Asks: 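One structure is given below, represented as structure tokens, and several questions about it will come after.
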Amino acid sequence: MATAVLNRVGEIEVFRHSAGVIHKVVHLNVDDITQEESLIQPQPGGNCMNWVVGHLVCVYDKLLPLVGQTAVMEKGRLQRYDRGTPQLRDAAEALNLKELMTAFDEATARMDTGLQGLTFETLDGPAPFSPGNNPEETVRSLLNVIFFHQAYHAGQTGLLRRIAGKEGALR
């Protein structure tokens, strides 16, 4: 049993570390970006930084109840940033980037708190949803997918920073 507890703690620490690195990378890339710069569209396609940051918050908000935490934004507020929505081209549809970053900070903190409370049984249990429609998705496998997803989009913020005319933030 002691080995199982150590393995769970190790897994949880990996998830927490991943969330922390993602948080840091997003901040490095976004902190000096203006609202207008956050709306610059990459060409020939893709979404702007504002959408990417909102999407990161949207995904965490959907996952937070799984780790015993509440969403940071009121229901429906992030609908424009959900998976599969069209490119964000109208500035009137965009939430303020600073508000999104504040929500991202809070969502990351809640995720960290929630991860600390996960049990081995919870990790092994069935996930309430599966982005890949995997009928055997567990909480553990879903967390792996979500943290890969968040890291993928965190990397996009670096490219979008360059498209906005800023120097790279990671050195």
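We count residues from 1, following the sequence as given. Every value quoted in this text rests on a predicted model; they were computed, and no experiment measured them.
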Asks: Dump the intermediate steps for salt bridge (charged side-chain N to carboxylate O under 4.0 Å, His left out) on Asp82 and Lys62, then the final yes or no.
Replies: CA-CA 10 Å; Asp82 209 349; Lys62 288 180 178 185; 2.6 Å; yes
Asks: With heavy-atom distances below 4.5 Å as the criterion, would you say the side chains of Leu143 and Leu123 are in contact?
Replies: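 They are in contact (side-chain heavy atoms under 4.5 Å apart), so the answer is yes.
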Asks: Roughly how far, to the nearest 0.5 Å, is the CD1 atom of Ile163 from the CD atom of Gln156?
Replies: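 One finds 9.5 Å between CD of Gln156 and CD1 of Ile163.
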Asks: Would you say that Thr70 contacts Leu64 through its side chain, given a criterion of any heavy-atom pair below 4.5 Å between the two side chains?
Replies: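 Contact flag for Thr70/Leu64 side chains = no.
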Asks: Taking only residues at least two apart or on different chains, which pairs with a member in residues 152-171 satisfy ring-ring contact (aromatic ring centres under 6.0 Å, His included)?
Replies: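 Listed once each, the pairs are His55-His153, His149-His153.
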Asks: Tell me whether Val25 shares a hydrophobic cluster with Val57, the cluster being built from Ile, Leu, Val, Met, Phe, Trp, Tyr side chains joined at under 4.5 Å.
Replies: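 Hydrophobic grouping puts Val25 apart from Val57.
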Asks: Could you pull out the closest heavy-atom pair between Leu142 and Pro128, with the gap in Å?
Replies: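 Closest approach of Leu142 to Pro128: CD2-CD, 4.4 Å.
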Asks: Work out which heavy atom in Arg80 is nearest to a heavy atom in Gln87; give both atom names and the distance.
Replies: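 The answer is NH2-O, 2.7 Å.
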Asks: How long is the span from the CD1 atom in Ile40 to the CG atom in Leu160, to the nearest 0.5 Å?
Replies: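 Those atoms lie 9.5 Å apart.
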Asks: Looking at CD of Gln41 and CD of Gln43, how far apart are the two atoms once the value is rounded to the nearest 0.5 Å?
Replies: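 Rounded to the nearest 0.5 Å, the CD-CD separation comes to 7.0 Å.
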Asks: Decide yes or no on side-chain contact (heavy atoms from CB on, under 4.5 Å) for Val72 and Asp61, but give the supporting numbers first.
Replies: CA-CA 6 Å; Val72 298; Asp61 261 12; 3.1 Å; yes
Asks: When rounded to the nearest 0.5 angstrom, what is the spacing between CE in Met49 and CG in Leu97?
Replies: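 Atom-to-atom, Met49:CE and Leu97:CG are 7.5 Å apart.
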Asks: Considering all heavy atoms of both residues, which atom of Met73 and which atom of Leu95 are nearest to each other, and what is their separation?
Replies: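 Smallest interatomic distance, heavy atoms only, reads CE-CD1, 3.8 Å.
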Asks: Are Phe148 and Val53 connected in a single hydrophobic cluster, I mean Ile/Leu/Val/Met/Phe/Trp/Tyr linked by side-chain heavy atoms less than 4.5 Å apart?
Replies: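 Hydrophobic grouping puts Val53 apart from Phe148.
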Asks: Starting at NZ of Lys98, measure out to CD1 of Ile33 and round the result to the nearest 0.5 Å.
Replies: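 Here the interatomic distance stands at 10.0 Å.
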Asks: Identify the heavy atoms of Leu78 and Gly54 that sit nearest to each other, and give their distance.
Replies: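 Minimum heavy-atom separation between Leu78 and Gly54: CD2-O, 4.1 Å.
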Asks: Between Cys48 and Leu39, is any pair of side-chain heavy atoms under 4.5 Å apart?
Replies: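 The answer is yes; the side chains approach within 4.5 Å.
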Asks: Report yes if some heavy atom in the side chain of Asn50 is under 4.5 Å from a heavy atom in the side chain of Tyr81; otherwise report no.
Replies: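 The answer is yes; the side chains approach within 4.5 Å.
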Asks: Is there side-chain contact between Asn29 and Leu159, with at least one heavy-atom pair below 4.5 Å?
Replies: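 No; the side chains remain at least 4.5 Å from each other.
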Asks: Out of Ile146, Ile22, Val67, which residue meets the side chain to side chain contact (heavy atoms under 4.5 Å, CB included) rule with Met111?
Replies: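 With Met111 as partner, side chain to side chain contact (heavy atoms under 4.5 Å, CB included) holds for just one option, Val67.
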Asks: Please assess Glu11 against Arg16 for the test salt bridge (charged side-chain N to carboxylate O under 4.0 Å, His left out), listing each intermediate value before the final yes or no.
Replies: CA-CA 9 Å; Glu11 273 183 306; Arg16 291 180 68 208; over 6 Å; no
Asks: Classify the ring geometry of His23 against Phe104: parallel below 30°, tilted from 30° to 60°, perpendicular beyond 60°.
Replies: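 The arrangement is parallel - the two ring planes meet at less than 30°.
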Asks: Testing the 3.5 Å rule here: is there a donor-acceptor pair between the side chains of Trp51 and Thr85?
Replies: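 A pair is found: one side chain offers a donor N or O, the other an acceptor, under 3.5 Å apart.
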Asks: Give me the atom names and distance for the closest heavy-atom approach of Asp32 to Arg161.
Replies: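 Reported closest heavy-atom pair: OD1-NH1, 2.6 Å.
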Asks: Counting C-beta onward and ignoring hydrogens, is there a side-chain heavy-atom pair between Thr138 and Asp124 closer than 4.5 Å?
Replies: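 Thr138 vs Asp124: side chains apart.
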Asks: May I ask you to check if Arg140 and Phe15 form a cation-pi contact, with NZ or CZ under 6.0 angstrom from the six-membered ring centre and within 45° of the axis?
Replies: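 Output no; distance or angle outside limits.
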Asks: Minimum heavy-atom separation for Glu137 and Pro131, please, with both atom names.
Replies: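 Result for this residue pair: OE1-CD, 4.0 Å.
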Asks: Indicate yes or no: does Glu37 engage Lys166 in a salt bridge with an N to O separation below 4.0 Å.
Replies: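 Between Lys166 and Glu37 there is a salt bridge, with a charged N closer than 4.0 Å to a carboxylate O.
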Asks: With rounding to the nearest 0.5 Å, note down the distance linking CG in Leu118 to CD1 in Ile12.
Replies: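 Going from the CG atom of Leu118 to the CD1 atom of Ile12 covers 4.5 Å.
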